[in-house]
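Residue numbers begin at 1 in each chain, while the letters A, B, ... track the order of the sequences. Excluded from the calculations below are hydrogen atoms, water molecules and symmetry mates; all remaining heavy atoms, backbone and side chain alike, are included.
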Amino acid sequence: MSSLSPARAEPPRGLPAREGAVPSFEQLFVDHAPFAWRALRRLGVHDADAEDVCQEVFMIVHRRLATFEGRSSIQTWIYGICVRVAADYRKRAHRRHESPSDDLPERSGPANQHAELEDHEARALLDATVRTLDDDKRAVFVLFELEELPMTEVAVAVGCPVQTAYARLYAARHLVEAALRRATSGRKVT
Amino acid sequence: MSKLDEPPRLIDAGSDTTDRVRGVLRAGKRGLPDADSLARLAARLPLGPLPPPTSALPKPPLPRLLAPIAAPSVLPGVIVGALLGLGVATGMWWRDAASAPAATFTVASPATIASARIAAPKAASSLAEARADRLDPQRIPAPPSAGAARVAAPLDTGSDARAVDAPSPAESAAPAADATAVVDSETEVHLLQRAQAALGADPATALALTVAHARRFPGGALGQESELIAVTALVALGRKPEAEARAASLLERFPSSAYRGRLESLGLGRSFQKNDPASPRTE
C-alpha cells in the first residue's frame, strides 16, 4: 500500500470476470456509479455534464446488462462503456464548454487556501494536463493511474492488446508527469 | 502480463515522481460525486430500491454518500419520501413495463427502503413537492408547476438532455376525461406509464398512447419500451400478425434489445432468433 493513497489500502479494484449471477442494476449503480462518475470527469466530461453523461452510461448498462457475457469483470465492462461514452461526448460537446488546450491553467490564490479549494485546484490542473493527451492515451492513463485497474483489465476496457495499452501508458505518463512537474514546482504538497 | 509485472503507479510512494505530482493525482482520486449528485442521478434511472454496497468490493472513500446507510437508527419521513420519489416510483413502473432479463426490480419493503437511503434531503424535498402537486387532480392537465422536480430523461448516445418530470405512481390513479389525450406538458415517462397502466384493462387505449408517444417523442429515449407496450397491446387485441411484424421490426433495429425474451414470451408463434452484432468491446 502506498502511504500516500488511502484508497490503495483496499484490494486492487480489478475484479475477476463474472462468476455466478450478474448483479442487479441497482447493485451496479450503488457499487459503481461514483467511480464511473469520477472516471468520466477525468476522461474529459465537463462538470456540468457529468450527471447527463453518467446517466447515459447507466442507461447503456441497463439495456445491455442482460447480454453481459462475463468476458470481463462488470467493473471493466462499465469502465469500457465510460471510455466510449466519454469519447462520444468530447466529439459532440467540447465546443459547448471548453476546447482542448496545451496550456495549463494558472494557479490562483495563496498556497494556504482551504484544503477543498486546493483539491479543486489540483483536479483542475490534472484535468487540464490529461486533456492534452489523445483519446487512447487518456483512457489508459485514467483507468490505470487513477481508477487503478490492472493493465489486463485496462486493455479489455479500451479494446486493445495489453502491450499496446502499456505503450500508451508510458507515453501518457511521460507527458503528464512532465507537465505536472512543471506546473507544481513550488507547490505545496497535499 | 500479470498484475505482478505492472509498474508502480505514479501515485504509489515507490514511483519515480515527486510528492507534488502524487498530490495532484490523489486529488484526482478524491473527485467523487457528492450524495446530492448521486441522488439526482438515481432519480433519472430506472432503479428499484437501492441495496447496500457489495461488501466484497473495496470500500471507496464515500463517507458522505453512505453515512446514512451506516446509521439506520434514524428514518425520517423525508428520506422515505425521497426513496419513493427517486427509486420506487420509477423502479415499480419499469418493473411492470419492462420485466426483461436486465430488470430485477422488486417490490420495496420497509427493510429495503431503510437500506436505500442514498437520497439527499434536498432532492427529497423537491421530489416531495412534485408529488404533492400531482396528487391534486386539478393540476393534472395544467402546465407543470414551478416547484415540480424536473430531471433529464434517459439518453441515447448522441442525444441531448431533455427535461421530464419524475414519474409518480399516484398519477395513474387520477381520473382523466380522455384516456388517450396527451397534454403538451406530459413527459415521455408519464405518457408511457399511462400506456403501461392501460394495458391490462384497455389495450386499445394503451396502443393509442404508444401512437401518441411516437408522434410526440419521435426520437424518444424510451422508444423500445413504447414498442414493447404496442406489441403487447396488439397481442391483447388479437392482432397477432401486426404484433409479430412490429416485434420483428423492433428486434431488427435493436438486435441486442433486452426485451427479446419478453417479446418471445408473448406467444407470437415465432422465435426471434438472436443475431447480436453487439460490439465485442462492450460485450
[X] side chain vs [Y] backbone, donor-acceptor pair below 3.5 Å:
X: A:Arg123; Y: B:Ala27; answer: yes
X: A:Arg38; Y: B:Lys29; answer: yes
X: A:Glu26; Y: B:Leu47; answer: no
X: A:Gln55; Y: B:Leu45; answer: no
X: B:Glu6; Y: A:Met151; answer: yes

Within this structure, what is the [atom1]-[atom2] distance for the pair [X] and [Y], rounded to the nearest 0.5 Å?
X: A:Leu169; Y: B:Arg9; atom1: CG; atom2: CZ; result: 9.0 Å
X: A:Leu146; Y: B:Ile11; atom1: CG; atom2: CD1; result: 7.0 Å
X: A:Leu125; Y: B:Arg20; atom1: CG; atom2: CZ; result: 12.5 Å

Next item on the list: Could you check if a side-chain atom of B:Leu10 sits within less than 4.5 angstrom of a side-chain atom of A:Phe144, using non-hydrogen atoms only?
Entry: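 No. Closest side-chain heavy atoms not under 4.5 Å.
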Note to self: Measuring only between side-chain heavy atoms, which start at C-beta, is B:Leu32 closer than 4.5 Å to A:Trp37?
What the structure shows: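 No. Closest side-chain heavy atoms not under 4.5 Å.
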Check: What option among B:Val21, B:Leu41, B:Leu25 has the most heavy-atom pairs under 4.5 Å with chain A?
Finding: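 Answer, by heavy-atom pair count under 4.5 Å with chain A: B:Leu41.
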Note to self: Quick check on the interface: out of A:Leu126, A:Val142, A:Asp127, who has the most heavy-atom pairs with chain B under 4.5 Å?
What the structure shows: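 Most heavy-atom pairs within the cutoff with chain B belong to A:Leu126.
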Checklist line | Choice from A:Arg173, A:Arg42, A:Arg41 maximising heavy atom contacts with chain B below 4.5 Å | finding: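 Answer, by heavy-atom pair count under 4.5 Å with chain B: A:Arg173.
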Can you see which heavy atom on [X] is nearest to which on [Y], and at what distance?
X: B:Thr17; Y: A:Arg181; result: CA-NH2, 3.3 Å
X: B:Pro53; Y: A:Gln27; result: C-NE2, 3.7 Å
X: B:Pro52; Y: A:Val30; result: C-CG1, 4.0 Å
X: B:Val24; Y: A:Ala122; result: CG1-O, 3.5 Å
X: A:Phe29; Y: B:Leu50; result: CD2-CD2, 4.1 Å

Notebook entry, point to check: Is any NZ, NE, NH1 or NH2 atom of the basic residue among A:Glu51 and B:Arg44 found under 4.0 Å from an Asp or Glu carboxylate oxygen of the other?
Noted result: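 Between B:Arg44 and A:Glu51 there is a salt bridge, with a charged N closer than 4.0 Å to a carboxylate O.
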